[in-house]
Amino acid sequence: SVNDDVHDEL
Amino acid sequence: MNIFRLAGDMTHLASVLVLLLKIHTIKSCAGISLKTQELYALVFATRYLDLFTDYISLYNTLMKLIFLVSSFSIVWYIRHHKIVRRSYDKDQDTFRHYFLVLPCFLLALVINEKFTVKEIMWTFSLYLEAVAILPQLVLLQRTRNIDNLTGQYVFLLGAYRSLYILNWIYRYFTEPHYVHWITWISGLVQTLLYADFFYYYFQSWKNNVKLELPA
């Protein structure tokens with residue numbers, strides 16, 4: 001979700 | 001950043017470059033689904049809203065901008081470029097956007113991690129990306145006559161998805177709390193859609209013959 005680790009993915 | 005993630009991003013980038021190369025140098029978009037390209041443009045436009053709110057890294061920002069600019073350029077080329085647009089196979093590319101966009105949006109409203117605009121848009125983009133290749137696969141099946149660049153484009157996209165799955169497995173074992181069901185399931189669905197194509201791609205590669213899909 002927003003602002004967690006998975007958000008560094010494209 | 002692990003090696004699978006980097007390799008995944010690079011194959012994704014390569015797929016876009018192959019497509020732009022085909023369009024730009026051969027001035028042809030034969031065999032390319034405009035519907036799929038428009039869906040990808042929508043995927044990136046809704047996913048990368050965080051460009052305005054969060055900074056992750058220079059790499060992250062640059063890649064996001066590349067995917068945004070390239071996807072909208074490809075759509076522009078196919079729709080408006082005076083030579084390229086003539087090669088667009090409109091009669092074969094008949095898949096309807098809203099068959100995919102509407103269910104994905106409704107699903108994102110129901111299944112998401114947080115009920116906020118940005119979060120729902122992000123979730124919607126994941127669901128839509130999972131199925132956005134369908135018009136392209138349908139077009140390949142219909143035309144059957146697939147040129148090398150189009151085949152490589154779809155192959156690279158499939159490779160990118162497969163490498164992302166390896167990236168998630170790696171991150172799950174190396175990072176605490178790395179559990180993302182929505183991302184994983186939509187990513188898995190997306191990769192499985194390529195399975196059939198991959199089978200015929202490898203067959204043609206192994207037998208050294210031109211790629212042709214069964215009708």
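In what follows, chains are A, B, ... by sequence order, proteins preceding strands, each numbered from 1.
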Heavy-atom check, side chain of B:M1 versus side chain of A:D8, under 4.5 Å: no
Ion pair check, A:E9 and B:R171, cut-off under 4.0 Å: yes
Contact origin within B:N167 toward chain A - heavy atom pairs under 4.5 Å: side chain
Non-hydrogen side-chain atoms of A:V6 and B:W122 separated by less than 4.5 Å: yes
Residue part contacting chain A, namely of B:N60, when any heavy atom lies under 4.5 Å: both
Contact class of B:H12 relative to chain A, heavy atoms under 4.5 angstrom: neither
Atom CZ of B:F198 with >12 non-hydrogen neighbours under 6.0 angstrom: yes
Interface moiety of B:Y160 toward chain A, non-hydrogen atoms closer than 4.5 Å: side chain
Nearest-0.5 Å distance, NZ of residue B:K64 to CG of residue A:L10: 6.5 Å
Flag if over 12 foreign heavy atoms under 6.0 Å of CZ, B:F52: no
Spacing of A:H7 atom NE2 and B:D54 atom CG [to the nearest 0.5 Å]: 8.0 Å
Whether over 12 other heavy atoms sit under 6.0 Å from B:Y199 OH: no
